[in-house]
Participant: 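Below you will find the structure I want to go over with you.
Predicted model only: the values in this text are computed from it and were never measured.
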Amino acid sequence: MDDTKTVLETRLRAVFDAVETGADPVLRPSDHADFQANGALALAKRLGRQPRELAAEIAAAASLDDLCETVEVSGPGFINLTLSTSFIANQLSAMAADDRLGVLGSEPENVIIDYSSPNVAKEMHVGHLRGTVIGDALCRMLTYVGHHVRRENHIGDWGTPFGMLIEHLIDVGEEKAVLELSVGDLDTFYRQARASFDSDPTFRDRSRARVVLLQSGDAETMRLWQILVAESVRYFDEVYAKLGVLLTDDDIVGESAYNSMLADVVRDLDGLGLLVESDGARCVFPPGFTNRNGDPLPLIVRKSDGGYGYAATDLAAIRDRVGRLGATEILYVVGAPQAQHFEMCFAAATMAGWLPDGVRVAHVSFGSVQGADHKILKTRAGDRIRLVDLLDEAVERAETAIAEKNPDLDAATRGSVAKMLGVGAIKYADLSTDRTRDYVFDWERMLAFEGNTAPYLQYAHARIRSIFRRGNAAVPDPGPLPLLTEPAERDLALALLGFNDAVTSTLGSWNPSRLCAYLFDLATTFTGFYENCPVLKAPTDELRTSRLALSDLTARVLAQGLELLGISAPDQM
RNA sequence: GCCCCCGUAGCUCAGCGGAUAGAGCACCGGCCUCCGGAGCCGGUGGCGCAGGUUCGAGUCCUGCCGGGGGCGCCA
């Protein structure tokens, strides 16, 4: 089907283009009509014409009679467009018949999306939560519009801490260590290793020697390292399953995966004359970056001790993803503090020719999760909160709330619904705030059944499904055009037709909060419809069918929208 | 000290250079012969400060104030 807003925009663009090549109609949703085109104002200014006069000319030339009921020039030169009911009804009917609910496909890109990235032998905490949830939602949407999406979980499975972790593994004993790691007590394991490293000089020496063995590929050391990795990955899988994200073992491409390419990266950079030796380290100095003294800031590729820095790994990844995997777009869903690092990496990779024209790379950064005190979320004891504990508590709280609000629900259903609500609430809280901002974590708010929350949207969906259950009504065929006589019916219809725009604009900014805002608006608009337009008790059969169709389409959009966010929508709750 | 991000209602957040800046929570006042009241209607209340660009600025630019983060061998 053709998208409603796109149809209007295309039609207007042709007329604007005839006046001045490339002129933008600036079509926006409007408070004064269904849409408004603001482009005549700027265009009139450039041409030295009267804005209202030009707007009237454009409105007439566009001949929108088949789409619009009224086209009016208003204010200083806005073109207000009110769609005709028959056009809306036709669009809605096409949307209902469309498996993709009117969401347009995109020219397929080969997208690699790098997200989650926990560290081996370290607990997953709330800091990993946001990136995992946002990255996952973007994967779902990118796939939905037709891109080839490759997920990569760039886990921290290499580097100097592994000397200490392996030595600790030896001290604890393999069996006991595996047991400790398998129950998910990664923090204790890591802390004990750290404590030994800090307090015991002998252990410290052993750790350093072990790092050398690891880097040289010593077989026994590799075997021990592999135990740490395998046990951690098993644990990550549990967390991902609980969280309900797409990531699996197949998506793991840890830092160690690039070890064999690091020497080539250095060789290539050197060959291009981009490497400069500075204090014993080999660095790229991308222009425009300075340190606190105003001196050029280095991207350290090879450390003075001969080891590779993480910049080397990130550069190797870019080179490999573009060169071998044919990525046309690479997204890094990583926290905001690493912004400068990525800017420098992208600059260096561009200098090296590893990011040719036509390949887009972006740091999709996000803000931190804060406690009520506006500091990084911690437990009362001052520890980082484990992600699993957070999820368990959310499900517990959701179950309590459901038991209170719907005591008739059987225990099994209540349990499964509690998981959908609890996990959904946490994910939605992460997704519904502009991703670049820090956000304040608040149990009460995210689990509330009012306001812009997952439970509210899930409830709106369940309530619609219950209409069909209570009324013993079948979902109507998409054939007949809906009747849109009441204002509330028309409002709902227009809201439904905005789904494509919501998904498109979310992907344009990689900001899932756009889709969240849309779904919340749709749900509240439906409530208005539901208050004003009896569905099962509609005055005529024809109207009943029409309203059932509107209700069903709303439920489908809500469920699909939540699905794109990685959130489940139960039929009852 | 330099660089980046952020300052919108009491709180948490939307606002794509366009018309009278919107929600939710909280607070106040209404609504029930209601298909799920987990509701609906109304009210109180706001763009950190000062300049500038523009026909038009919460949005763009400059400075200041406030908060967070980064700034050479951790990732």
Participant: Rounded to whole Å, how long is the line connecting atom CG of Leu550(A) with atom P of C35(B)?
Facilitator: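 Roughly 20 Å, once rounded to whole Å.
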
Participant: How is Asp24(A) classified with respect to the nucleic acid when contacts are heavy atoms under 4.0 Å: base, sugar-phosphate, or nothing?
Facilitator: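 Nothing: the residue Asp24(A), judged by heavy atoms under 4.0 Å, touches no strand.
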
Participant: Kindly point out which of A75(B), C34(B), A19(B) is positioned nearest to the side chain of Lys537(A)?
Facilitator: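 When the side chain of Lys537(A) is considered, C34(B) is the closest of A75(B), C34(B), A19(B).
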
Participant: Quote, to the nearest angstrom, the C1' distance that separates A75(B) from C61(B).
Facilitator: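 Per the computed distance, 36 Å lies between those C1' atoms.
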
Participant: Asn80(A) and Glu72(A): side-chain donor and acceptor closer than 3.5 Å?
Facilitator: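 Short answer, no.
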
Participant: Let me know the distance between CG of Asp31(A) and P of A19(B), rounded to the nearest Å.
Facilitator: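 Taking CG of Asp31(A) and P of A19(B), I get 8 Å after rounding.
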
Participant: C35(B), A38(B), A14(B): which one has an atom nearest the side-chain heavy atoms of Ala517(A)?
Facilitator: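 It is A14(B).
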
Participant: Looking for any heavy atom pair under 4.0 Å, which part of the strands does Pro337(A) touch: base, sugar-phosphate only, or nothing?
Facilitator: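 Sugar-phosphate: the residue Pro337(A), judged by heavy atoms under 4.0 Å, touches backbone atoms but no base.
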
Participant: The side chain of Ser74(A) lies closest to which of these nucleotides: G36(B), G72(B), A19(B)?
Facilitator: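 Out of G36(B), G72(B), A19(B), the nucleotide with an atom closest to Ser74(A)'s side chain is A19(B).
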
Participant: Using a 4.0 Å heavy-atom cut-off across all strands, classify Ala281(A) as base, sugar-phosphate, or nothing.
Facilitator: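 It contacts base atoms.
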
Participant: As a test of your reading of the structure, name each stem of RNA chain B as range with range, where a stem is three or more consecutive Watson-Crick or G-U pairs at under 3.5 Å.
Facilitator: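 Result, WC/G-U stems under 3.5 Å: B:1-7 with B:65-71, B:10-13 with B:22-25, B:27-31 with B:39-43, B:48-52 with B:60-64.
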
Participant: Just to be sure I understand the rule, does Asp438(A) reach a base, reach only the sugar-phosphate, or reach nothing, if contact means heavy atoms closer than 4.0 Å?
Facilitator: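 Sugar-phosphate only.
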
Participant: Mind checking whether Arg435(A) and Asp430(A) have side chains closer than 4.5 Å, heavy atoms only?
Facilitator: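 Result no, sub-4.5 Å side-chain heavy-atom pair not found.
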
Participant: Measure from the side chain of Asp279(A), starting at C-beta and using heavy atoms only, and say which of G24(B), C40(B), C73(B) lies closest.
Facilitator: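 That would be C73(B).
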
Participant: Does the cation-pi check pass for Arg302(A) over Tyr308(A), that is, NZ or CZ under 6.0 Å from the six-membered ring centre and within 45° of its axis?
Facilitator: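 Cation-pi check for Arg302(A) and Tyr308(A): passes.
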
Participant: Need one value for Arg28(A): base, sugar-phosphate or nothing, where a base atom within 4.0 Å counts as base even if backbone is also close, heavy atoms only.
Facilitator: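 Touches a base.
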
Participant: Answer with yes or no whether Tyr310(A) presents, from its side chain, a donor or acceptor under 3.5 Å of a partner atom in the base of A75(B).
Facilitator: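 When only heavy-atom distances are counted, Tyr310(A) does reach the base of A75(B) through a donor-acceptor pair under 3.5 Å.
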
Participant: Closest nucleotide of RNA chain B for Asp305(A) versus for Gly39(A): which of these residues is on the 5' side?
Facilitator: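 Taking each residue's closest nucleotide, the earlier one in sequence belongs to Gly39(A).
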
Participant: Need one value for Cys533(A): base, sugar-phosphate or nothing, where a base atom within 4.0 Å counts as base even if backbone is also close, heavy atoms only.
Facilitator: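 Touches a base.
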
Participant: Would you say Phe441(A) and Val126(A) make side-chain contact, with heavy atoms under 4.5 Å?
Facilitator: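 No, every pair of side-chain atoms sits at 4.5 Å or beyond.
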
Participant: Base, sugar-phosphate, or nothing for Tyr530(A), non-hydrogen atoms under 4.0 angstrom?
Facilitator: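 Tyr530(A): base contact, heavy atoms under 4.0 Å.
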
Participant: Whether Arg437(A) contacts A14(B) is assessed here as follows: a side-chain N or O lying under 4.0 Å from the phosphate OP1 or OP2. Is that the case?
Facilitator: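 So the side chain of Arg437(A) is within the cut-off, an N or O lying under 4.0 Å from OP1 or OP2 of A14(B).
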
Participant: Whole angstrom is fine here: how far is it from CD in Glu531(A) over to P in C31(B)?
Facilitator: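 In whole Å, C31(B) P lies 16 Å from Glu531(A) CD.
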
Participant: Heavy atoms only, 4.0 Å cut-off, all strands: where does Arg547(A) land among base, sugar-phosphate and nothing?
Facilitator: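 Result for Arg547(A) = nothing.
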
Participant: Could you pull out all residues at least two apart from Phe520(A) that satisfy ring-ring contact (aromatic ring centres under 6.0 Å, His included)?
Facilitator: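 So Phe520(A) forms a ring-ring contact (aromatic ring centres under 6.0 Å, His included) with Tyr456(A).
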
Participant: Indicate, with a heavy-atom threshold strictly under 4.0 Å, whether Asp434(A) touches base, sugar-phosphate, or nothing.
Facilitator: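 Counting heavy atoms under 4.0 Å across all strands, the contact made by Asp434(A) is with sugar-phosphate only.
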
Participant: Out of C35(B), A19(B), A14(B), which has the shortest distance to the side chain of Pro534(A)?
Facilitator: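 Looking only at side-chain atoms, Pro534(A) lies closest to C35(B).
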
Participant: Which residue, Glu343(A) or Pro455(A), contacts RNA chain B at a nucleotide closer to its 5' end, judged by nearest heavy atom?
Facilitator: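 Closer to the 5' end of RNA chain B: Glu343(A).
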
Participant: Say we look at G17(B) and C64(B): how far apart would their C1' atoms be, to the nearest angstrom?
Facilitator: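 G17(B) and C64(B) have their C1' atoms separated by 25 Å.
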
Participant: Determine the Euclidean distance between corresponding P atoms of C25(B) and A19(B); express it in Å to zero decimal places.
Facilitator: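 Per the computed distance, 26 Å lies between those P atoms.
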
Participant: What is the separation between atom CD on Glu277(A) and atom C1' on C73(B), rounded to the nearest whole Å?
Facilitator: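 It is 12 Å, rounded to the nearest whole Å.
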
Participant: Classify Ala42(A) by what it touches in the nucleic acid, base, sugar-phosphate, or nothing, heavy-atom distance under 4.0 Å.
Facilitator: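 Base, at least one base atom sits under 4.0 Å.
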
Participant: Starting at atom NE2 of His125(A), determine the distance to atom P of A75(B), rounded to an integer number of angstrom.
Facilitator: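 Nearest whole value for this atom pair: 16 Å.
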
Participant: Counting side-chain heavy atoms from CB outward, which of C73(B), A19(B), G36(B) is closest to Arg470(A)?
Facilitator: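 In terms of side-chain proximity for Arg470(A), the closest of C73(B), A19(B), G36(B) is G36(B).
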
Participant: Quick one: does Asn511(A) reach the base of A14(B) with a side-chain donor-acceptor pair under 3.5 Å?
Facilitator: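 Absent.
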
Participant: Starting at CZ of Phe529(A), measure out to CG of Leu550(A) and round the result to the nearest 0.5 Å.
Facilitator: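 Reported value, rounded in 0.5 Å steps: 5.0 Å.
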
Participant: Are the charged groups of Asp34(A) and Arg490(A) less than 4.0 angstrom apart, N to O?
Facilitator: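 Arg490(A) and Asp34(A): salt-bridged.
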
Participant: Choosing from G36(B), A75(B), G68(B), which nucleotide comes nearest the side chain of Gln338(A)?
Facilitator: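 Among the listed nucleotides, the one closest to the side chain of Gln338(A) is A75(B).
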
Participant: Less than 3.5 Å apart, any donor N or O on the side chain of Ser513(A) or Ser432(A) sitting next to an acceptor on the other?
Facilitator: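 On atom types as modelled, these side chains do not qualify, holding no pair under 3.5 Å.
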
Participant: Report which part of the nucleic acid Thr433(A) touches: base, sugar-phosphate, or nothing (heavy-atom distance under 4.0 Å, all strands).
Facilitator: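 Contact class for Thr433(A): sugar-phosphate only.
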
Participant: Take atom CZ of Phe342(A) and atom P of C3(B), then tell me their distance rounded to the nearest Å.
Facilitator: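 Rounded to whole Å, this separation is 23 Å.
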
Participant: I'd like to check, for Phe449(A), whether its ring lies over the base of A38(B) with centroids under 5.5 Å apart and a plane angle smaller than 30°.
Facilitator: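 Per 5.5 Å and 30° rule: no stacking.
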
Participant: Heavy atoms from C-beta onward define the side chain here; which of C2(B), U12(B), A75(B) lies closest to that of Thr290(A)?
Facilitator: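 In terms of side-chain proximity for Thr290(A), the closest of C2(B), U12(B), A75(B) is C2(B).
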
Participant: Just N and O in the side chain of Ser466(A): are any of them under 4.0 Å from OP1 or OP2 of G36(B)?
Facilitator: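 Yes.
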
Participant: Tell me the interatomic distance from Leu27(A), atom CG, to G18(B), atom C1', rounded to whole angstroms.
Facilitator: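 Spelled out: CG on Leu27(A) to C1' on G18(B) is 13 Å.
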
Participant: Charged N to carboxylate O under 4.0 angstrom, Glu399(A) versus Lys419(A)?
Facilitator: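 No.
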
Participant: Return the nearest nucleotide to the side chain of Glu450(A); candidates are G37(B), C16(B), C25(B).
Facilitator: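 The closest nucleotide is C25(B).
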
Participant: Measure from the side-chain heavy atoms of Gln36(A) and tell me the nearest of G36(B), U12(B), G18(B).
Facilitator: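 Closest nucleotide to the Gln36(A) side chain: G18(B).
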
Participant: Could you tell me whether Arg28(A) sits above the aromatic face of Phe35(A), with NZ or CZ closer than 6.0 angstrom to the six-membered ring centre and within 45 degrees of the axis?
Facilitator: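 No, cation not above the ring by the 6.0 Å, 45° rule.
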
Participant: Select base, sugar-phosphate, or nothing to describe what Val535(A) touches, counting heavy atoms under 4.0 Å on all strands.
Facilitator: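 Contact class for Val535(A): base.
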
Participant: So does Arg463(A) get a side-chain nitrogen or oxygen closer than 4.0 Å to the phosphate oxygens (OP1/OP2) of A38(B)?
Facilitator: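 No, Arg463(A) has no side-chain N/O under 4.0 Å of OP1/OP2 on A38(B).
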
Participant: Strictly below 4.0 Å, N to O, side chains only: are Arg282(A) and Asp270(A) in salt-bridge contact?
Facilitator: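 Salt bridge flag = yes for Asp270(A) with Arg282(A).
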
Participant: Indicate whether Tyr439(A) forms a stack on U12(B); treat it as stacked only if centroid distance is below 5.5 angstrom and interplanar angle below 30 degrees.
Facilitator: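 Tyr439(A) vs U12(B): stacking no.
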
Participant: Looking at Lys405(A), does any N or O in its side chain come under 4.0 Å of the phosphate oxygens OP1/OP2 on A38(B)?
Facilitator: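 So the side-chain polar atoms of Lys405(A) never come under 4.0 Å of the phosphate oxygens OP1 or OP2 of A38(B).
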
Participant: Can Phe78(A) be called stacked on A19(B) when the rule is centres closer than 5.5 Å and an angle between planes below 30°?
Facilitator: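 Stacked: centres under 5.5 Å apart, planes under 30°.
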
Participant: Carefully, step by step, assess His168(A) and Phe197(A) under the rule ring-ring contact (aromatic ring centres under 6.0 Å, His included).
Facilitator: CA-CA 9 Å; His168(A) 183 64; Phe197(A) 187 88; over 10 Å; no

Participant: Can you tell me the distance, in whole Å, between the CG atom of Leu299(A) and the C1' atom of A75(B)?
Facilitator: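 To the nearest whole Å, that distance equals 13 Å.
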
Participant: Contact class for Ala401(A) (heavy atom, under 4.0 Å): base, sugar-phosphate, or nothing?
Facilitator: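 No contact at all - Ala401(A) keeps every heavy atom at 4.0 Å or more from the nucleic acid.
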
